[in-house]
*Asks:* 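My structure is below; once you've seen it, I'll send some questions.
All chains are named by letter (A, B, ...) in the order of the sequence lines, taking the proteins before the strands, and each is independently numbered beginning at 1.
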Amino acid sequence: MPELPEVETVIRELRPLIVGKCIEQVEVLWPKTWVNRSEVPIEGQCIKAIRRRGKYLIFPLDESTLIIHLRMTGRLAFAPDAETNSVQLQGLNHVRLVLFFTDDSRLIFNDTRKFGRVYHVDDPAEILKNTGKDALDEDWTPELFYRMLSGRKTGIKAFLMSQKFISGLGNIYTDESLFRAGIHPEHSAGSLSRKEAERLFESVRFILEQAVKNMGSTISDYRDAYGNPGKNQLYFKVYKREGQPCFNCGTPIQKKRVAGRSTRFCPKCQK
DNA sequence: CCATGTACCTGAAGGC
DNA sequence: TGCCTTCAGGTACATG
């Protein structure tokens with residue numbers, strides 16, 4: 001479920017709540033969720049910061065690193081004390097892991113489909129080695145994007161979805177970005193003109209920043225750290241709009257399998 | 001290198 | 001009301 005904007009929203013909310021907290025214990029309710037590859041115990045270590053790369057949440061600890069990927073249905077919620085049963089904890093029907101802090105507050109990882117992972121590693125590169133530059137990273141520029149595309153035979157949708165070049169885009173924001181740029185999802189990545197690459201770069205940035213402002217998109221499962229849904233689904237121009245008229249030209253939005261995923265686009269506006 | 005299929009999981013929705 | 005199929009914000013891995 002969550003792509004970059006949803007992860008960014010959760011991180012911004014969690015940062016003031018859990019940076020500085022010290023871990024007393026990890027409770028694992030679904031064993032596959034917890035991937036512990038660190039030499040040092042997590043108990044007693046404190047959270048120094050929260051960062052993001054693509055869809056990964058990264059929590060540097062004193063001597064190791066905690067990394068979380070929410071995959072399709074992962075959700076994080078903070079409980080300030082042991083007795084809390086507030087609205088932000090409602091709907092947590094599939095708790096897979098709980099981090100207990102020394103002050104009796106806790107971070108709850110809920111994940112209906114069990115695809116999400118909570119990694120504990122000594123070197124973050126173990127997990128992040130195949131994850132490219134973050135789509136909101138200031139070092140990513142139109143010029144760099146154009147160079148990354150050159151010589152690529154793959155389709156542009158597959159390129160944007162692969163996290164090894166640019167990280168953070170998933171199925172929704174890829175389709176929305178391509179629509180905004182007027183580029184067909186099956187257009188070969190390597191044959192985009194410099195101008196098209198620049199327009200697509202601008203579109204990706206616009207779409208992601210708009211979604212962050214709107215606290216992410218909620219289709220069904222996504223909730224932020226306080227249990228609130230996002231508002232960005234109200235701004236979709238193609239996602240889930242198959243059969244409905246294109247906002248630019250009125251042509252029905254088409255749905256087709258591209259790069260293994262349901263893909264929505266306007267056959268007239270996107271070439 | 002690239003495309004495609006499968007696996008990992010649960011639950012909602014649609015067809016009959 | 002059931003039963004069966006398909007689909008879903010993701011990614012890793014196997015196979016041509």
Side-chain angles (χ1 to χ4, degrees), chain A residues 1-11 29-35 37 52-57 67-76 91-97 109-119 126-132 135 148-178 185-191 204 207-208 210-212 214-224 229-236 238-243 255-264:
Chain A
M1 64 126 113
E3 304 178 35
L4 184 155
E6 291 75 32
V7 175
E8 179 64 21
T9 300
V10 171
I11 282 184
L29 295 102
W30 178 255
K32 284 183 164 180
T33 299
W34 177 236
V35 181
R37 291 196 208 141
R52 184 183 57 72
R53 172 120 141 247
K55 304 169 195 172
Y56 286 99
L57 298 97
I67 300 180
I68 299 179
H69 198 301
L70 304 171
R71 294 283 183 99
M72 296 289 264
T73 56
R75 173 176 161 191
L76 290 166
L92 300 178
N93 302 320
H94 302 279
V95 176
R96 309 303 181 193
L97 185 143
F109 181 74
N110 191 86
D111 185 15
T112 306
R113 291 178 69 184
K114 301 176 173 173
F115 293 164
R117 292 292 179 266
V118 179
Y119 304 95
E126 276 187 64
I127 306 301
L128 303 173
K129 60 178 186 292
N130 295 320
T131 302
M148 294 168 92
L149 291 167
S150 82
R152 302 260 151 224
K153 301 282 277 181
T154 188
I156 188 62
K157 168 140 181 172
F159 180 92
L160 292 175
M161 295 278 291
S162 161
Q163 305 296 297
K164 69 183 177 188
F165 306 111
I166 297 301
S167 61
L169 287 163
N171 202 35
I172 292 179
Y173 299 115
T174 296
D175 283 4
E176 293 295 320
S177 297
L178 287 168
E186 293 176 300
H187 197 300
S188 130
S191 62
V204 167
I207 291 294
L208 293 177
Q210 173 183 253
V212 170
N214 290 318
M215 315 281 282
S217 303
T218 295
I219 309 305
S220 58
D221 299 274
Y222 171 71
R223 294 293 183 280
D224 69 12
K231 298 181 178 71
N232 194 66
Q233 63 280 8
L234 302 172
Y235 299 84
F236 291 162
V238 286
Y239 186 76
K240 287 273 176 86
R241 291 199 66 249
E242 56 268 29
K255 175 176 166 178
K256 183 185 181 188
R257 204 134 197 98
V258 178
R261 306 295 299 274
S262 286
T263 299
R264 284 83 170 183

*Asks:* A/Lys55 side chain N/O closer than 4.0 Å to the phosphate oxygens (OP1, OP2) of C/dT11?
*Replies:* yes
*Asks:* For the side chain of A/Gln210 and the backbone of A/Ile207, is there at least one donor-acceptor N/O pair under 3.5 Å apart?
*Replies:* no
*Asks:* Is B/dG5 in the syn range, within 90° of 0, or in the anti range?
*Replies:* anti
*Asks:* Rounded to the nearest angstrom, tell me the gap between atom CG in A/Asp175 and atom P in C/dG9.
*Replies:* 9 Å
*Asks:* How long is the span from the CZ atom in A/Arg223 to the OG1 atom in A/Thr218, to the nearest 0.5 Å?
*Replies:* 5.5 Å
*Asks:* Within the structure, does a side-chain N or O atom of A/Arg152 lie under 4.0 Å from either OP1 or OP2 of B/dC2?
*Replies:* yes
*Asks:* Scan every strand shown for a Watson-Crick or G-U wobble partner of B/dC2, both distances under 3.5 Å, and answer none if you come up empty.
*Replies:* C/dG16
*Asks:* Return the polar atom pairs (N/O with N/O) between nucleotides 6-10 of chain B and the protein under 3.5 Å, or none.
*Replies:*
residue	atom	partner	partner atom	Å
B/dC8	O3'	A/Lys32	NZ	3.4
B/dC9	OP1	A/Lys32	NZ	2.8
B/dC9	O2	A/Arg113	NE	2.7
B/dC9	N3	A/Arg113	NH2	3.1
B/dT10	OP1	A/Lys114	NZ	2.7

*Asks:* Just the rounded figure in Å: distance from P of B/dC2 to CD of A/Glu186.
*Replies:* 16 Å
*Asks:* Can A/Tyr56 and A/Ser167 be counted as having a side-chain donor-acceptor contact under 3.5 angstrom?
*Replies:* no
*Asks:* Look at the side-chain N and O atoms of A/Gln163 and state whether any lies under 4.0 Å from the OP1 or OP2 oxygen of C/dG10.
*Replies:* no
*Asks:* Would you kindly give the CG-to-P distance between A/Leu70 and C/dG10, to the nearest whole Å?
*Replies:* 11 Å
*Asks:* Whole-Å distance between B/dA13 C1' and A/Lys240 NZ?
*Replies:* 11 Å
*Asks:* Give me the distance, rounded to whole Å, that separates B/dA13 from C/dG9 when you measure between the P atoms they each carry.
*Replies:* 15 Å
*Asks:* Please give the distance between the P atoms of C/dT6 and B/dT6 as a whole number of Å.
*Replies:* 12 Å
*Asks:* Just the rounded figure in Å: distance from P of C/dC13 to NZ of A/Lys164.
*Replies:* 13 Å
*Asks:* Okay, side chain of A/Asp111, backbone of A/Arg96: is any donor-acceptor separation there less than 3.5 Å?
*Replies:* no
*Asks:* How many Å lie between OH on A/Tyr56 and P on C/dT11, as a whole number?
*Replies:* 7 Å
*Asks:* To the nearest 0.5 angstrom, please state how far the CD atom of A/Glu186 sits from the NZ atom of A/Lys157.
*Replies:* 10.0 Å
*Asks:* Return no unless some side-chain N or O of A/Ser262 is found under 4.0 Å from OP1 or OP2 of C/dA8.
*Replies:* yes
*Asks:* Check the distance between B/dA3's P and A/Arg257's CZ and give it to me in whole angstrom.
*Replies:* 15 Å
*Asks:* Tell me whether the side-chain N/O atoms of A/Ser220 come closer than 4.0 Å to OP1 or OP2 in C/dA8.
*Replies:* no
*Asks:* Tell me whether A/Gln163 contacts the main-chain N or O of A/Leu169 through its side chain, where contact means a donor paired with an acceptor under 3.5 Å.
*Replies:* yes
*Asks:* Between C/dC3 and B/dC9, how far apart are the P atoms? Round to whole Å, please.
*Replies:* 25 Å
*Asks:* Does C/dG10 have OP1 or OP2 under 4.0 Å away from a side-chain N or O of A/His69?
*Replies:* no
*Asks:* Measure CZ/A/Arg261 against P/B/dA3 and give the value in whole Å, please.
*Replies:* 16 Å
*Asks:* Heavy atoms under 4.0 Å, any strand shown: does A/Gly116 hit a base, just sugar-phosphate, or nothing?
*Replies:* nothing
*Asks:* Which part of the nucleic acid, if any, lies within reach of A/Gly260 when heavy atoms closer than 4.0 Å are counted: base, sugar-phosphate only, or nothing?
*Replies:* nothing
*Asks:* Quick check against the 3.5 Å criterion: does A/Arg257 have a side-chain atom that pairs as donor or acceptor with the backbone of A/Ala259?
*Replies:* no
*Asks:* Nearest of C/dG9, C/dC7, B/dC2 to any side-chain atom of A/Lys153?
*Replies:* B/dC2
*Asks:* Look at all strands and tell whether A/Tyr173 reaches a base, only sugar-phosphate, or nothing, counting heavy atoms closer than 4.0 Å.
*Replies:* nothing
